[in-house]
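Taking it in order: structure first as structure tokens, then the write-up.
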Amino acid sequence: QVQLLESGGGSVQAGGSLRLSCTASGDALRRDSMGWFRQAPGKEREGVASINPIARATAYSDSVKGRFTISRDNDKNTIYLQMNSLKPEDTGMYYCASSSLYVPDNVMLRDEYYAYWGQGTQVTVSS
């Protein structure tokens with residue numbers, strides 16, 4: 001069983017930055033595709049960014065491309081989401097997810113490929 005623990009959420013003004021962290025139990029992180037997803041009130045969950053263990057391929061949603069950066073530190077069993085130039089529309093609950101397998105590059109942001117989920121961390125961006 002994989003356990004994921006997110007941290008780093010908070011409240012910031014538009015234009016500010018936050019860095020989210022997600023630490024995984026065991027050594028699952030080393031071979032898993034990992035991702036960040038978010039859900040705003042009244043909206044469906046959407047993929048924000050993901051990273052594969054092989055070749056470190058990454059994927060970003062169009063809405064965050066150029067502003068967010070996903071990275072991983074396998075030695076620490078942790079992935080990160082650096083969020084810059086935050087906008088009010090970035091507000092939501094952010095979830096870390098692990099696939100327990102390799103997710104093909106073209107579907108890295110689809111949540112049905114991820115089996116394990118953290119409890120989420122809230123990000124609130126005010127204008």
Worksheet item: Nearest 0.5 Å, what's the CD-CZ distance between Gln82 and Arg19?
Response: 7.0 Å

Item to complete: Please lay out, stage by stage, how Lys87 and Asp90 fare under the test salt bridge (Lys or Arg N to Asp or Glu O under 4.0 Å).
Response: CA-CA 5 Å; Lys87 303 175 181 180; Asp90 294 318; over 6 Å; no

Worksheet item: Rounded to the nearest 0.5 Å, what separation is found between the CE atom of Met83 and the CG atom of Leu20?
Response: 3.5 Å

Practice prompt. Check the hydrophobic clustering (I, L, V, M, F, W, Y; side-chain heavy atoms under 4.5 Å; chains of links allowed) and say if Tyr95 and Trp36 are grouped together.
Written response: no

Fill in: Nearest atoms (heavy-atom pairs only) where Val103 meets Asn52
O-ND2, 2.9 Å

Discussion item. Does atom CD (Gln119) have a neighbourhood of more than 12 heavy atoms from anything else shown, all under 6.0 Å?
Written reply: no

Worksheet item: Taking atom CG of Asp111 and atom CD of Glu44, what is their separation to the nearest 0.5 Å?
Response: 9.0 Å

Fill in: Asp32 versus Ser98, side-chain donor and acceptor atoms under 3.5 Å
yes

Worksheet item: Is there a path from Phe37 to Val123 through hydrophobic residues (I, L, V, M, F, W, Y) whose side chains come within less than 4.5 Å of each other?
Response: no

Fill in: Single-linkage hydrophobic cluster Met34~Leu109, side-chain heavy atoms < 4.5 angstrom
no

Worksheet item: Any side-chain heavy-atom pair from Val12 and Ser126 closer than 4.5 angstrom?
Response: no

Worksheet item: Are any side-chain N or O atoms of Ser33 and backbone N or O atoms of Ser99, one a donor and one an acceptor, separated by less than 3.5 Å?
Response: no

Worksheet entry | Heavy-atom check, side chain of Ser63 versus side chain of Glu89, under 4.5 Å | no

Worksheet item: Of the non-hydrogen atoms in Thr121 and Gly9, which two are nearest, and what is the gap between them?
Response: OG1-N, 3.1 Å

Worksheet item: Do you know which two heavy atoms are closest between Ala24 and Leu4, and how far apart they sit?
Response: CB-CD2, 3.5 Å

Practice prompt. Report yes or no: do Asp73 and Thr78 form a side-chain donor-acceptor pair below 3.5 Å?
Written response: no

Item to complete: With rounding to the nearest 0.5 Å, note down the distance linking CG in Asn84 to CZ in Arg67.
Response: 9.0 Å

Practice prompt. Quick one: pull up CZ in Arg72 and CG in Asn77 and give me the separation to the nearest 0.5 Å.
Written response: 9.5 Å

Worksheet item: Counting N and O atoms only, with roles assigned by atom type, does the side chain of Ser50 sit under 3.5 Å from a partner on the main chain of Gly35, one being a donor and the other an acceptor?
Response: no

Item to complete: Find out whether Val64 and Arg38 are in side-chain contact, i.e. whether some heavy atom of one side chain is under 4.5 Å from a heavy atom of the other.
Response: yes

Fill in: Of all pairs that satisfy ring-ring contact (aromatic ring centres under 6.0 Å, His included), the ones with a partner from residues 59-82, not counting sequence neighbours
none

Worksheet item: Are any of the side-chain heavy atoms of Tyr102 and Pro53 separated by less than 4.5 Å?
Response: yes

Worksheet item: If you measure from OG on Ser61 to CE on Met108, what distance do you get to the nearest 0.5 Å?
Response: 12.5 Å

Worksheet item: For the side chain of Arg110 and the backbone of Asn106, is there at least one donor-acceptor N/O pair under 3.5 Å apart?
Response: no

Discussion item. Any non-hydrogen side-chain atom of Leu5 less than 4.5 Å from a side-chain atom of Gln3?
Written reply: no

Discussion item. Is there a path of hydrophobic side-chain contacts, each under 4.5 Å between heavy atoms of I/L/V/M/F/W/Y residues, joining Tyr114 to Tyr116?
Written reply: no

Worksheet item: Counting distance only, does the side-chain N/O of Glu6 pair as donor-acceptor with the main-chain N or O of Gly120 below 3.5 Å?
Response: yes

Worksheet item: Do Val2 and Ile70 share a hydrophobic cluster, counting only Ile, Leu, Val, Met, Phe, Trp and Tyr and linking them when any side-chain heavy atoms are less than 4.5 Å apart?
Response: yes

